[in-house]
Structure formats: structure tokens, C-alpha cells
Asks: 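Structure provided below as C-alpha cells; questions to follow.
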Amino acid sequence: MQSHESHAWLWWIPLLPLIGSAIAGALHLATLRARKNDPSAAAPGTLAPWIACAAMAAAFGLSVKGFFTLQELAPSARQLASTVHHWISVNYPARGEFAVDLSLLLDPLSSTMTLVVTGVGFLIHVYAAGYMKGDPGYGKFFAYLNLFVFAMLMLVLSSSLLGVFIGWEGVGLCSFLLIGFWYEKGWPAEAAQKAFVMNRVGDACFLIGSFLLVRLFGTLDMATIAGAIGRGPVELEPDVQLQVSLAALFLFGGACGKSAQFPLFTWLPDAMAGPTPVSALIHAATMVTSGIYLIVRLNPLFASSGWVLPVIGVVGALTALIGGSTALVQRDIKKVLAYSTVSQLGYMFLALGTGAWAAAVFHLVTHAFFKALLFLGAGSVIHGMHEEQDMHKMGGLRKYMPQTFVTFLAGSAALSGLPLMSGFFSKDEILAHAFAGGGLYWGLWIVGVLTAALTAYYTWRMVALTFFGEERFDRHHVHPHESPAVMTVPLMVLAVLSVVGGVLGLPPVLHAPHLLAEWLEPVTRDGSRILAERAGEHELSHTLEWILLGLGAAIALAFAHTGFHAHKRGTAQDETLTARRPALAAWLADAWTIDTTYKRVILLPLRLVSFVVAVVVDQFAIDGTVNGIGASARDVAQWTRRSATGSLAGYAMWMGAGAVVISLVWMWS
Amino acid sequence: MELLLLTFLPLVGAFLILLTPRAAAGVQRGLALVTTLAVAALGIKLFWGYEAGGDPNQYLFEVPWFSLPSAYAAPTLVYFRIGLDGLSLLMVTLTAVLMPVVILSTWGHVEKRVKEFMVWMLVMQTGMLGTFLALDLVLFYFFWEISLIPLYFLVGIWGGERRLYATVKFFLYTLAGSLVMMVAIIAILYQHGTSNVYDLINLLCRLPVEQQLWYFGAFALAFGIKVPLLPFHTWLPDAHTEAPTSGSVVLAGVLLKMGTYGLLRFCIHMLPGAAVAASPWMMALGAIGILYGALLAWAQTDLKRLIACSSVSHLGYVVLGLFALTPAGISGGMLQMVNHGISTGLLFLLVGMIYERRHSRALDAFGGVATVMPVFAVFWVFTVLSSVGLPGLNGFVGEYLVLLGAFQASPLWSVVGLSGVIFGAVYMLMATRKMLFGACTNPENKKLTDLGGREMALMVPLVVLAVWLGLRPGDFTSKVEPSLAQVQQRILEARQRNATASLGLETPGTAAATAPATNSGAEGVAAR
């Protein structure tokens with residue numbers, strides 16, 4: 001810790017949303033009470049969005065302040081810390097104290113994350129004030145949303161791995177609450193449960209990783225761990241290397257849960273059961289990026305982990321492909337975006353797998369802009385279409401909702417990587433790193449390029465089906481309308497960011513500085529150095545970079561064009577696919593049937609085991625034995641009781657028999 | 001003297017209630033509440049007054065009681081000896097604080113024979129406090145058995161339909177274990193000539209491991225049944241399901257902890273050599289218990305039975321942590337004992353509250369309860385989160401330390417135990433979803449009324465404790481740390497001794513180990 005000065009004000013960044021959450025929650029309870037007496041009473045809950053948005057604005061202001069404070073410092077000294085107290089401490093007689101502090105650390109990485117979380121979060125809060133208007137749970141919604149932001153900020157600001165875990169589980173909880181927000185419908189509650197449990201599988205991996213780190217380093221302070229590896233030798237002892245690799249692998253397992261990577265991604269599409277602002281904030285822009293944050297935060301550990309990095313790359317590329325191909329055939333507009341998110345997160349992990357830490361964060365940031373925009377745009381469409389989500393029942397909406405349409409176009413351009421859009425630069429950087437990696441990474445590069453083509457295709461299919469072609473909705477009952485300004489203004493801000501966000505990380509061929517990489521350099525330095533020493537540097541020539549850029553642009557344009565024109569006229573193309581290749585269409589629609597397989601191969605057998613344990617093992621075997629012992633004791637007693645007949649002759653006979661036996665024994669011995 | 005007051009104040013209250021006329025239920029309830037509140041206040045005062053850095057054994061009170069024959073010339077002098085140390089501190093405080101909550105909860109469900117009910121409750125409190133405070137082996141056994149009897153009546157008279165089956169099963173099962181323990185206690189008293197727990201702690205650790213294991217086995221059986229440890233757990237779901245709400249809360253909150261407390265005090269602290277030897281087996285039982293209990297809970301359709309099964313799982317954590325024998329494990333196990341008392345106590349209270357309204361505990365009978373009982377839903381979800389170990393609430397710190405401590409001793413059993421982190425979420429969220437969420441279609445459920453002032457008020461202390469333990473566990477662990485360090489010291493010595501013994505070397509202490517420390521008959525063994 002360079003900075004010994006305590007910056008207690010840092011705590012206000014997470015605490016403000018927490019306070020906002022408490023007030024909004026109290027307002028909601030007050031509303032419930034008021035409604036009980038008089039259903040038409042003016043509900044205090046209508047104040048909740050004001051409180052929540054104010055809390056977000058203030059937290060964003062403090063994040064900006066933090067950013068400028070950091071910027072004034074020398075790059076290597078850019079750390080602001082504040083420790084409150086020993087949270088957990090245990091004394092080890094031989095090794096001294098194992099202690100976990102509750103402390104915050106603001107450095108370039110957490111500052112970037114904080115800005116995204118509070119900035120994009122603020123816009124989504126404002127949007128939600130319009131979107132959720134009239135919902136009976138208006139106040140509750142903002143209480144949960146603010147609570148989520150609190151947890152997310154704890155996640156990115158905590159300097160201890162266990163502090164991160166507070167946020168890590170906290171965002172999982174809020175995700176659970178918000179997915180199940182409309183719990184009366186039933187299926188959102190099931191989706192919420194699924195999300196929480198699958199996250200828990202990842203969390204269990206996270207915990208194992210943390211145990212291994214305690215074993216290796218005796219602490220969970222991430223700066224200390226990263227520093228210890230950074231200072232240590234590049235080549236590790238074999239058994240230490242194994243433990244480092246396992247620790248990295250298990251932490252990556254945790255990241256897979258939270259960031260919806262193969263094999264734990266199947267909860268994210270179901271999570272779309274939540275209100276759309278939730279999908280934008282939690283299931284696109286912030287929570288699902290925690291895994292990427294964690295790995296970048298511990299980049300020296302992952303750089304030293306040997307074979308784990310290629311594993312991350314492969315998982316990322318595979319997830320990108322699964323998500324991208326599944327998004328091709330979805331009819332629900334939110335499902336397209338959900339699988340697209342899975343796919344884009346896969347890109348980020350692919351970047352991490354190549355050791356391109358800054359590229360992963362770059363894509364994280366641009367993705368937060370354009371995917372939040374697309375989700376909010378989709379929400380605006382759904383709102384305007386009276387809760388219709390099926391794109392086959394939309395079409396021609398551009399003239400009804402022009403502002404949503406234009407901003408949606410900007411988001412789509414960025415997602416599909418059209419030239420000069422933010423997504424173009426961030427995706428290209430990842431692919432360039434994969435290409436430079438050589439060997440296995442070439443294979444991953446090919447998968448990445450293929451997925452880029454799929455991305456362009458499904459994005460423009462979505463645009464065409466939603467906004468172009470004939471109007472396929474029932475015009476007597478559905479009257480599409482543009483959303484109010486409280487919803488469209490956030491869309492416009494995000495649209496601008498999606499278009500120009502690329503300036504944060506321009507490629508070297510343009511002879512412009514990669515602002516984000518330079519900003520993150522103090523954090524990623526050690527990891528990059530270790531990787532360079534272990535595997536050697538990979539530099540691409542400028543010619544090759546131009547070729548890759550051109551290839552990326554050409555593919556994006558070509559497939560965007562195809563996707564758009566194939567679906568511009570309506571749903572015919574989709575129906576052709578379903579008719580000609582029903583098996584393939586079903587397989588894609590079901591996301592390679594992975595979730596169905598889980599149900600069959602994991603969930604059902606486990607359920608069966610639990611019934612077998614409860615009925616056969618517990619009731620029959622164990623409790624049967626217990627009751628059997630009880631019963632046999634009673635039987636023995638019954639039997640002996642029968643001997644007490646009360647007849648003197650009987651007793652005399654037994655006495656005589658006993659005397660004979662005793663004398664026989666006596667004579668024998 | 002404070003401890004004497006603490007232990008017998010409930011008994012005084014019980015006596016006063018006996019003097020009231022049978023019909024004066026209000027007076028009896030009031031007296032019981034006042035008594036338990038006074039005990040709670042005293043308990044909290046003692047907790048604050050307990051000095052972490054001071055003498056580990058504080059507020060000691062002792063008078064000679066009676067004498068028993070021993071293997072030596074001098075008889076074994078049995079004392080009435082009670083004292084508070086780091087091993088008992090948290091349990092005593094929990095017992096004191098939980099009882100007013102329990103008494104207050106009976107307003108809703110105990111209508112018949114209020115007088116006897118309150119008397120038994122208070123007698124039970126004396127029994128439980130005495131069990132935790134006793135520092136004499138005979139006195140410990142005395143209180144241990146005393147606390148058994150009230151629950152027999154509480155379940156047997158105020159219980160559900162199958163109450164007789166449940167209560168006889170519970171009584172006989174626990175008694176069977178206790179009798180085995182009694183044999184061990186008699187053997188110890190006879191051979192070592194003292195019943196002072198602290199003297200025995202100094203004496204028994206020097207016995208050869210084989211001999212320690214005999215004692216260990218007898219004690220572990222009695223405690224294992226009480227905990228309950230797999231495979232001795234089947235009395236618990238029955239007892240819980242049939243017990244009245246308040247009985248379930250006391251049973252889960254305190255009575256089960258007598259078992260884990262006994263494991264720590266006697267099986268680990270007094271017989272460290274055997275504990276080290278048995279550690280892998282006990283850890284295995286704990287870890288498998290976590291998984292087994294969770295799978296069991298998952299298959300339940302009765303809400304109360306589900307929570308009872310979850311207790312098996314949660315106490316598996318305690319045993320896993322304690323027998324990891326690492327500082328983190330024991331510390332975590334200790335915290336988890338308190339946590340389980342709070343979380344599961346709250347769960348049983350909540351189940352009781354909904355049962356009083358709906359007269360059903362079948363999960364299928366519910367659905368959409370959150371719509372009609374929003375405040376209940378908030379308390380329920382909070383409790384579920386505390387129970388599944390959400391960081392920031394009480395369950396997490398204990399769970400983490402247990403699993404970390406277990407990992408340091410045996411990664412395998414720690415990972416098996418970790419499955420509880422996943423399955424715990426599975427069954428608790430399943431129950432939550434089936435009960436609270438979905439559409440409220442059943443007309444019976446539409447009529448449900450939300451929690452009242454008394455019901456909210458009685459849960460508030462536990463909610464506060466849950467948050468406090470989650471955010472500042474150090475306020476509690478720092479008090480017990482010195483005592484746990486002593487236990488740790490014993491374990492280290494035992495490890496060394498076991499290692500030397502396995503090399504075939506005679507340790508200097510072994511020969512003198514059987515001689516009593518305080519009695520004059522040092523030549524006793526030789527003379528025989």
C-alpha cells in the first residue's frame with residue numbers, strides 16, 4: 001500500500017446507494033401500509049426513484065472526484081485506501097494472525113469500474129424511473145437496484161478477496177431479488193432460484209481458490225498477493241506452481257459462475273425474466289463483468305498460472321461461439337441480447353486468456369455502453385408494444401419510435417463492430433492479441449472471427465425484424481408509441497458513448513495513445529511482465545495490424561448487410577430455416593441443448609439421490625435400525641414378562657432348573 | 001455468586017409460577033418473561049464483564065458437595081463448581097438471550113396448561129445454563145440429565161399428533177448415549193480421583209492415546225447423539241416436527257449446542273490425544289453430515305421437517321470445524337454454534353408464526369404468501385440469507401472459517417463440506433419459492449394476516465445479533481480467543497506426543513499420567 005493516508009470519504013461511494021436503498025425500502029413499506037387502508041392513496045413510493053437517482057448521482061460525483069484525485073498522482077502512486085477495521089481475525093500460534101480487513105482501495109482499475117458502475121448505473125436508474133412507473137413495487141424496485149449498486153461497488157472497491165466476496169454474493173442476492181421481482185408470475189421466481197444456485201456453484205469454486213491463496217500467501221489482501229507474485233521469481237517450484245495454477249483455476253471457476261461462462265452460463269438467458277432495466281444494469285453492464293474484473297485484479301497470479309490461461313481462452317472462445325450462434329435464432333428480443341451478452345463476455349475471457357488485460361477491460365467498458373443501450377432500447381420497444389417481446393410480432397417500428405430507433409441503430413453498430421464504432425476497436429484489439437499469440441490461439445482467433453460474423457448477422461437481423469418490414473402486430477389492439485423523455489434521454493447519452501467510446505483505446509497503427517491501457521498500466525504491469533518473461537513478447541507488424549483491422553471491418557459490414565437484408569422483409573428467412581433444418585434450428589434455439597442436458601444429467605439424478613437418501617437410507621435403513629433396536633428391546637421385555645406368571649409352581653420349577661444348572665457348572669469346574 | 005444467581009434465577013421464577021393459581025395464565029406468562037429478561041440482562045452483563053485477557057476461568061464459584069469412592073485412599077471429592085470461560089461464554093450468553101424471545105413466542109401457540117409449560121421452560125433454562133457452566137464432571141452430568149426431562153414434557157404434552165412417539169424416541173435415544181457417558185465418567189472419577197474439569201484436563205491429556213480413545217468414544221457417542229451427528233440424527237426431525245414452536249427454538253438454539261459444546265470441552269480439550277487421532281473420522285462424519293443433511297432437507301415436503309434436516313447439515317459444519325483442530329476451524333465452529341442458534345431459531349419462530357395462522361406446514365399448501373404477508377416475507381428472506389451464509393450476515397464468517405480451517409487440515413473434507421454451500425441455497429430457496437412466491441391462488445392463503453407488533457418485536461434481537469455477528473464477529477471471538485489458544489496449545493502438545501509415541505518412544509509424562517494431581521494417593525497405582 002503506497003498511500004498511508006486514509007481516505008475515509010471513499011466509503012461514501014458504496015454507502016450512498018446503501019442509504020438510498022434503505023430509504024427507498026422504507027418508502028415502499030410505507031406505501032404498502034397506506035394502500036392497505038386506502039388503495040387510491042398518494043403513495044410515498046413515488047419518491048423512491050428521486051432518492052435512488054440522487055444517491056447514484058452523488059456516488060458518480062464522488063467517483064469522478066476519485067478519478068481526478070488519482071490522476072494528479074504519479075502513475076505508480078495511484079492508490080487511495082481506507083481501512084475500517086479488522087473484520088475477521090484468527091490467531092495461529094506458529095504463524096501469527098490470519099486477519100481480513102474491511103478496506104477499500106481506489107486505483108486505476110477500481111476507478112474505471114466505479115465510473116462505469118455509477119455512471120451507466122445512474123442512467124439506468126433514470127430510465128427505470130420512467131419504465132417502472134405504475135408498478136405496485138415501484139419503491140421496492142429502487143431499493144433493490146440501489147442495494148445492487150452498493151454490492152457492486154463493494155465488489156470493485158474492496159482490497160481484500162473476502163471483501164470482494166461480500167460484493168460478489170451481494171450482487172448475486174440482488175440479481176436473485178430482481179430476476180424474481182415479478183414473483184407472482186411463478187417462472188421469474190424459478191429463474192431467480194436458478195441464477196442464485198448456479199452462481200453459488202461458482203462461489204464455492206471462489207472459496208476454494210481463496211483457501212489456496214491463504215495457504216500460499218497467508219493473506220487475502222489482493223494487493224499483497226499481487227505484489228508477492230510480482231516480486232517473486234518468474235519460474236516457480238513445481239508444487240508451488242501447481243497450487244498457483246489450482247488457485248487461479250478455481251477463482252476462474254468462480255468467475256465463470258458470475259460472468260456466465262461455459263459451463264455455468266445457462267442462468268443468464270433465464271435471468272431475462274427480470275424487468276428490462278435490471279437486464280441492462282445487472283445482466284449486461286456490471287454484475288456479469290465481475291469475473292473479468294477479478295482476473296484483471298489478480299493478473300500477476302493468472303500470468304503465473306501456466307496452463308490456466310489457455311483454459312480461460314478456450315472457455316471464452318467456446319462461450320462466445322455458443323452465445324453467438326444461439327442468438328441467431330431467438331425470437332424474443334431480450335433473449336437475443338442475453339445470448340449476445342454471453343457471447344461478448346466470452347470475448348472478454350478470450351482476451352484474458354491471451355493476457356491482454358487492458359483489452360478485456362476496454363471491451364468491458366464499451367460493452368457496458370452499447371449493451372446497456374440495446375437493452376434499454378429493447379425495453380423501450382417492449383414498453384411501447386404493451387409488453388410484447390417476440391420480434392415476429394413486431395416490425396416496422398421505426399416510424400412509431402424514432403428516437404428509440406436511432407439510438408438502437410447506434411448500439412447495434414457498436415455491437416456488430418462496424419468500423420470506427422466503439423465495439424469495432426475493442427473487439428479488434430482482442431482478436432489481434434489472439435492472432436499474435438500463435439499456436440492454440442490461432443484456433444481461438446478463428447473462432448473469434450467466426451463469432452464476429454455471427455454477431456454482425458444476428459444484430460442486424462434483430463434490427464430488421466424489429467424496426468423494418470411489415471407491421472406484424474395486431475394494429476387494433478397494439479398502438480406502438482415512443483417512450484417518454486425520461487427514458488429516451490438516457491438512450492441518447494449511451495448512444496453517444498457507444499459511438500465515440502473507441503477513443504479510449506485506439507490501436508497502435510493509428511499512432512494515437514491507448515488511453516485505457518496507459519491508465520491501467522500500474523495495475524497490469526506485473527502480469528504483463530511475467531507473461532512476457534515466461535512466454536516471450538508477441539508484436540504484430542503494422543502491415544499485419546492493418547490487414548486484421550480491414551478484415552474485421554469487412555466481415556462486420558458483410559454479415560451486417562446479409563443479416564439485415566435477409567430479414568428486412570419479415571420472418572420468412574426464420575421460417576425457412578425451421579422448415580429446412582428443424583433439428584439444427586431446435587438445437588440452436590436451445591443453446592446447444594446444454595441446459596436441457598444439465599437437467600437430465602445433473603439435476604434429475606441429484607433429485608433422485610436426495611429422495612433415495614431421504615426415503616431409503618434415512619427412513620428405511622438408519623431410522624429403521626433405530627426403531628428396530630427399540631422394538632427388539634420391547635420384544636425381549638415382553639418375552640421375559642411372560643415368565644412372570646404368578647404361579648408358585650412355575651417359579652419353583654425355574655428355581656429347581658437353576659439349581660441344577662449351577663451345581664452342574666460347579667461340578668464341571 | 002453472579003453465576004449462582006444466573007443459574008438458579010430461572011428456578012426461582014419457576015417456583016414463583018408454581019405458587020400462582022392455575023387459571024392466572026397472564027400472571028404466569030408475565031412472571032416467566034420477567035424472569036427470563038432478568039436472566040438475559042445478567043447474562044449480557046457477565047458477557048461484557050468477561051475480560052478477554054484476564055483469567056480464562058472467571059466468576060468461579062465452588063463448594064464441596066459430596067464424595068465418591070476412588071482407586072486411592074482418599075475419596076473423590078465432588079464439588080458444586082461453576083465458572084465461565086471462553087468455551088462456555090458464548091453458549092451461556094446465547095441461552096440467556098434466547099429465552100425471553102422463546103417465552104414471548106409462546107403467546108401465540110401455548111394456550112393449555114400455561115403454568116406447567118412455563119415451569120418446564122424455566123427448569124430447562126437452569127439445566128442448560130448449568131450444563132454450560134459446570135466445571136465438575138459430576139455436576140455437568142447432573143445438569144445434562146436435568147435439561148433432558150423438561151423437553152420430554154414440552155414435546156409430550158404440547159406437541160403435535162405424533163408427539164408421544166417423538167418424545168419417547170428422543171428421550172430414550174439421548175438417555176442411551178448419556179448412560180455410556182456416565183460409565184466413562186465413573187471410570188474417570190474412580191481412576192483419577194478427581195472430578196474437577198480443569199484438573200482432569202491436565203491429567204487426561206497425558207494418558208496413552210488408546211486409553212484416551214475409550215473415554216473419547218464414550219463421550220463422543222453421548223455428544224454425537226445430542227448434536228446430532230450422522231448416523232445418530234433420526235430422532236431430531238421427529239422431535240422438531242412434533243415439538244411446539246418454542247420447544248423447537250430451544251432445541252435447535254441451545255440443546256443441540258450442548259452436544260457440540262461437550263465435544264469441544266471434553267472430547268477435544270480434555271482428551272486432545274484422542275481428538276488428534278480421531279480427527280479424520282470426525283471430520284468425515286461432519287462433512288458427510290453437511291451433504292447428507294442438505295440432501296435430506298431437499299427431499300422434504302414439510303416445512304418444519306425441512307428446517308430440522310437443515311440443522312443436521314448446519315451442525316455438520318460445527319463438527320467439521322471443531323475437529324479440523326486448526327485455529328480457524330475451532331473458532332469458526334464456535335461461531336457457527338451461535339449462528340445456528342440465531343438463524344435456525346428465527347426459522348422455527350417464523351414457521352411457527354405461519355403455522356399458527358394457516359395450521360399447515362406442507363410446502364404445497366402455500367404459494368404467493370409474500371403478496372399477503374410482505375413483512376413476514378422480509379423477515380423470512382433475511383433469515384434464509386443468514387442461514388445460507390450471505391457475507392455480511394452471521395452465517396458467513398463461521399462457515400468460512402470452518403471451511404478454511406478444515407481445508408488446512410484436509411482439503412478433501414473441506415470440499416465435501418463446501419457442497420453444503422450450494423445445496424444449502426438449493427433447499428432454502430426452493431422452500432422460499434414454494435412458500436412466498438408464485439401466485440396466491442389458495443383462498444386459505446389469501447386470508448392470512450401479516451405479522452403483528454409482538455411477533456416483529458421478538459425477532460428484532462435476533463436480527464440485530466445476526467447483523468452484528470456478520471459485521472463485527474471480532475467483538476465475540478476476541479473474548480474467547482485466549483481460551484481457544486489454550487485448547488490449541490493442548491492440541492499441539494498432543495500432536496507432538498502422538499508423534500513420539502508412534503516412534504515407540506516413551507514420553508516422560510506417561511508413567512505419572514495415571515496419578516492424581518490433587519489427591520494424596522500418589523502411590524495408589526503402584527500399591528495395587
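Each chain gets a letter, A, B and so on, in the order the sequences are listed, and its residues count up from 1. The basis for the numbers below is simple: all heavy atoms, side chains too, and nothing from hydrogens, waters or symmetry mates.
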Asks: Can you say whether A297(B) sits under 4.5 Å from chain A via the side chain, the backbone, both, or neither, judging by heavy atoms?
Replies: neither

Asks: Only one of N627(A), D618(A), D623(A), T625(A) clears side chain to side chain donor-acceptor pair (under 3.5 Å) with T234(B); which?
Replies: D623(A)

Asks: Does the R215(A) side chain pair with the main chain of Q408(B), one donor and one acceptor, at a distance under 3.5 Å?
Replies: no

Asks: Begin from the C-alpha positions of W298(B) and R607(A) and carry the test side chain to side chain contact (heavy atoms under 4.5 Å, CB included) through to its verdict.
Replies: CA-CA 8 Å; W298(B) 195 16; R607(A) 199 83 183 107; 3.2 Å; yes

Asks: Over all heavy atoms of both residues, which pair between I622(A) and H233(B) is shortest? Give the atoms and the distance, please.
Replies: CD1-CE1, 4.0 Å

Asks: What part of Q300(B) lies closer than 4.5 angstrom to a heavy atom of chain A: side chain, backbone, both or neither?
Replies: side chain

Asks: Looking at D450(B), V388(B), L172(B), V168(B), which makes the most heavy-atom pairs under 4.5 Å with chain A?
Replies: V388(B)

Asks: At a heavy-atom separation under 4.5 Å, does Y427(B) approach chain A through its side chain, its backbone, both, or neither?
Replies: neither

Asks: Is L484(B) close to chain A through its backbone or its side chain, or both, or neither, when contacts mean heavy atoms under 4.5 Å?
Replies: neither

Asks: Testing the basics here: between R200(A) and V421(B), what is the closest heavy-atom pair and its distance to 0.1 Å?
Replies: NH1-O, 3.0 Å

Asks: Which one wins on heavy-atom pair count under 4.5 Å against chain B: G186(A), P136(A), A189(A), A192(A)?
Replies: A189(A)

Asks: Determine, step by step, whether F176(A) and L385(B) satisfy the side chain to side chain contact (heavy atoms under 4.5 Å, CB included) criterion, reporting the C-alpha distance in whole Å, the side-chain angles of both residues, the deciding distance to 0.1 Å, and the verdict.
Replies: CA-CA 12 Å; F176(A) 166 80; L385(B) 295 173; over 6 Å; no

Asks: The test is side chain to side chain contact (heavy atoms under 4.5 Å, CB included); show your working for T432(B) and Y183(A) and say whether it passes.
Replies: CA-CA 11 Å; T432(B) 305; Y183(A) 60 79; over 6 Å; no

Asks: Given heavy-atom pairs under 4.5 angstrom as the criterion, report whether the side chain, backbone, both or neither of P374(B) touches chain A.
Replies: side chain

Asks: Non-hydrogen atoms of chain A under 4.5 Å away: do they reach the side chain of V415(B), the backbone, both or neither?
Replies: side chain

Asks: With a 4.5 angstrom heavy-atom cut-off, could you sort out which part of S419(B) is near chain A: side chain, backbone, both or neither?
Replies: neither

Asks: Below 4.5 Å from any heavy atom of chain A, which atoms of A328(B) appear? Answer side chain, backbone, both or neither.
Replies: both

Asks: Assess whether side chain to side chain contact (heavy atoms under 4.5 Å, CB included) is satisfied between W87(A) and V397(B), documenting all intermediate values.
Replies: CA-CA 9 Å; W87(A) 180 29; V397(B) 183; 4.1 Å; yes

Asks: Restricting to non-hydrogen atoms, name the atom on A204(A) and the atom on I422(B) that form the minimum distance, rounded to 0.1 Å.
Replies: CB-CD1, 3.9 Å

Asks: So for L429(B), is it side chain, backbone, both, or neither that comes closer than 4.5 Å to the heavy atoms of chain A?
Replies: both

Asks: Let me know if Y165(B) has heavy atoms under 4.5 Å from chain A in its side chain, its backbone, both or neither.
Replies: side chain

Asks: What part of I166(A) gets closer than 4.5 Å to chain B, counting heavy atoms only: side chain, backbone, both or neither?
Replies: both

Asks: Shortest non-hydrogen contact from P391(B) to E169(A)?
Replies: CD-CB, 3.3 Å

Asks: Side-chain donor-acceptor pair under 3.5 Å between Y400(B) and S210(A), yes or no?
Replies: yes

Asks: Please flag which part of D238(B) lies under 4.5 Å from any non-hydrogen atom of chain A: side chain, backbone, both or neither.
Replies: side chain

Asks: Heavy-atom distances under 4.5 Å only: say whether L471(B) touches chain A with side chain, backbone, both or neither.
Replies: backbone

